[in-house]
2 protein chains.
Amino acid sequence: MEQAAERLGYVPNRVARNLREQRSRVVGVMVPDIDNAFYPMLLADIHQELVAAGYAVALIVDPHHRRADVSRLRNLFDASLDGLIISTATLDSDTPAVLHRRGIPIVLSVRTIPGLDVDIVESDNVAAGQEAARHLLGLGHEDIAAIMGPEITSTTRDRLIGAKEIAGDRISPERVFHGHYTHESGHAHCRRLLLGDRPPTAIIAANDVIAIGALDAARQLGYSIPGDISIIGFDDIPMASWHSFRLTTVRQDTQAIAIQSARRLIERIEDPTCPISHDKYPISLTMRSTTGPPR
Amino acid sequence: MEQAAERLGYVPNRVARNLREQRSRVVGVMVPDIDNAFYPMLLADIHQELVAAGYAVALIVDPHHRRADVSRLRNLFDASLDGLIISTATLDSDTPAVLHRRGIPIVLSVRTIPGLDVDIVESDNVAAGQEAARHLLGLGHEDIAAIMGPEITSTTRDRLIGAKEIAGDRISPERVFHGHYTHESGHAHCRRLLLGDRPPTAIIAANDVIAIGALDAARQLGYSIPGDISIIGFDDIPMASWHSFRLTTVRQDTQAIAIQSARRLIERIEDPTCPISHDKYPISLTMRSTTGPPR
DNA sequence: CTGTTAGCGCGTTCAG
DNA sequence: CTGAACGCGCTAACAG
């Protein structure tokens, strides 16, 4: 029978099955920016995990970081998506709350929003900031600048909180800059910093992409690294280990976060009553060649 | 009326509509590898174009470059996908032919397969190879190596054909290497090349990621670039312009290819009888700092 | 244990 | 011009 079906080229119609079963076995994955090497990495592992569990992945790129854009999501939430992994959350975005209130299974991945009763999978970013500052202080740095991402992202906020806890006023408030999570932003802020008077001896960048931008700017101005200036990033994307960079960075276990985000969402979909979890993964320092004692 | 619907939180059920209308307004996009910066770039623009046209994007990552894996695709082809953009085609893969025979709208993007009656959107890769060789010959190079991708990809084949057409035996057959499209492959092959006797004076890499891997290996061995060795890539991914690299490369108009791939697929879906097109976009040389005259 | 049927929520069609 | 009924293809429930 099944062989006959096979021969006739029969394929069960998924759409009909979806209608009947009231689910689609498709989940959405929202990323802020697909050109930033971190997210493809995250996406690849989330994708693999979801596909292995029999779910398809609908990609949702939110390039403008606009909040509350439920209207576009609604198109996808007319029962055609079983759930959503959100890695675009900002502290002021209400989209996750709206979706959650509607009973749509969501998981906040990488970035978090405080006070929301949903599953969260992230790194211990406060500890990450502490680790970065501890490393620079241990090397003897006393004048540290920070080139961060948008203030409204939890990663920037938590990493900065952690760094300040340890470094105190060795990171002076006027040496903290906020911009996008891009090479260009790291490049521009570092350049301005080094062309001003009294450049810092070390820079904490909110992620590796910014750090590499800063590294490029410093080299372009003839600075030697880490001799003239130390630079530390976060994430440990593959590029950080390339010989041209050899970037010291606070590693987060992106793969574990990706896999866990996928699993949590599947759990939530298959049992909406299961208890809410907040997974916070440990971080670790990866020392390479962009940090050293100040002159 | 509509306001009332709005208030009651009514959302039309897409799945039911899909069943009725016999289409899903979801399009699949297959990429070989999401960690290679080129594909996120392509994906971002394809995504934007499709979303603007009212289609959702289902991401399909084919990490193992396995051919003929229709079984996994069948899951997606039970009417839950309206069409597919394939950027993973290899010369020996029969998946596209199978899908095409089943009447499923597909577009081959970036890579091509000869002799298949489907819409194709690619660069003029033969011209790209010619341009690279012409540039190196113009600088006076007479001993050129090539670090390419898999032989079964049309991009590697065409770029190599073009380069050989111009360079002739200045690219000797034993100096042509095939590997993956990765930083690691570029790094390993370049390293072996430079540690052997009689290293070449120039390297053509099949894409920018390989080229940057080669660049890293050369620097690691103390080579100065372009003084000791010239390196040229293909694609012009954003990273190629970063100060640490300043890579000379043959640019392809990835954005145009992405947008056109999306549009062609939509056309094909909405009018299956429209004539088959083969778009071949022009390329251009982007000269930066990794090529120069040989010693 | 096998075969039949109802209905998922839409859009379309056909009757009023 | 408005409203009821049908059917897309499947699965679950139910009858034989």
Side-chain angles (χ1 to χ4, degrees), chain A residues 1-28 50-58 60 70-84 98-99 101-106 265-273, chain B residues 1-28 50-58 60 70-84 98-99 101-106 265-273:
Chain A
M1 222 289 271
E2 284 176 14
Q3 287 165 17
E6 182 73 18
R7 297 203 151 207
L8 293 167
Y10 169 79
V11 181
N13 183 313
R14 237 246 202 115
V15 178
R17 190 217 278 214
N18 290 344
L19 180 59
R20 183 65 245 255
E21 295 189 343
Q22 305 282 47
R23 66 178 176 152
S24 63
R25 285 202 168 274
V26 179
V27 308
L50 288 172
V51 167
Y55 288 82
V57 174
I60 305 170
V70 188
S71 58
R72 279 190 315 151
L73 282 178
R74 191 171 37 183
N75 287 331
L76 293 164
F77 268 82
D78 41 23
S80 54
L81 248 46
D82 287 351
L84 189 64
V98 170
L99 297 175
R101 230 174 293 129
R102 287 209 183 194
I104 291 159
I106 63 174
L265 182 62
I266 293 169
E267 269 180 47
R268 171 84 29 225
I269 289 169
E270 295 180 354
D271 175 14
T273 66
Chain B
M1 224 287 271
E2 284 176 13
Q3 287 166 17
E6 182 73 20
R7 297 205 149 204
L8 292 167
Y10 169 78
V11 180
N13 184 314
R14 245 259 196 100
V15 179
R17 194 217 283 212
N18 290 344
L19 180 59
R20 182 66 247 264
E21 296 188 345
Q22 304 284 51
R23 65 177 176 154
S24 64
R25 285 200 167 275
V26 179
V27 164
L50 287 172
V51 167
Y55 287 81
V57 173
I60 306 169
V70 188
S71 60
R72 278 189 316 147
L73 281 179
R74 191 170 39 182
N75 288 330
L76 293 164
F77 270 81
D78 42 23
S80 55
L81 248 45
D82 287 350
L84 188 64
V98 170
L99 297 176
R101 231 176 291 130
R102 287 210 184 192
I104 291 158
I106 63 173
L265 183 62
I266 293 170
E267 269 179 47
R268 173 81 33 224
I269 290 169
E270 296 180 354
D271 175 15
T273 66

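By convention in this document, chain letters (A, B, ...) are assigned in the order of the sequence lines, proteins followed by strands, and residues within each chain are numbered from 1. For clarity, every value in this text was computed on a predicted model and none was experimentally measured. Atoms considered below: every heavy atom in the structure, side chains included; atoms not considered: hydrogens, waters and symmetry mates.
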**Student:** First locate atom CG of A/Leu50, then atom CG of A/Leu265, and finally report the distance between them rounded to the nearest 0.5 Å.
**Tutor:** 7.0 Å
**Student:** Side-chain contact test, heavy atoms from C-beta onward, threshold under 4.5 Å: evaluate it for B/Val26 versus B/Asn18 and give yes or no.
**Tutor:** no
**Student:** Under 3.5 Å, side chain of B/Asp82 to main-chain N/O of B/Ser24, donor-acceptor pair present?
**Tutor:** yes
**Student:** Write down the distance between CG (B/Asn18) and C1' (C/dG11), rounded to a whole number of angstrom.
**Tutor:** 12 Å
**Student:** Without decimals, in angstroms, what is the distance between A/Tyr10 OH and D/dC10 C1'?
**Tutor:** 7 Å
**Student:** Would you mind telling me which of C/dG9, D/dC10, C/dG11 lies closest to the side-chain atoms of B/Arg17?
**Tutor:** C/dG11
**Student:** From B/Arg25 CZ over to A/Ser80 OG, what is the distance, rounded to the nearest 0.5 angstrom?
**Tutor:** 12.5 Å
**Student:** In whole angstrom, what separates A/Asn13's CG from C/dC10's P?
**Tutor:** 17 Å
**Student:** Measure the distance from CZ on A/Arg20 to P on D/dA13 and round it to the nearest whole Å.
**Tutor:** 8 Å
**Student:** With respect to the side chain of A/Leu19, which nucleotide from D/dT11, C/dC10, C/dC8 is positioned closest?
**Tutor:** C/dC8
**Student:** Roughly, in whole Å, what's the span from CD in B/Glu21 to P in D/dG9?
**Tutor:** 14 Å
**Student:** Using a cut-off of strictly less than 4.0 Å, decide whether A/Gln22 has a side-chain nitrogen or oxygen near OP1 or OP2 of C/dG9.
**Tutor:** yes
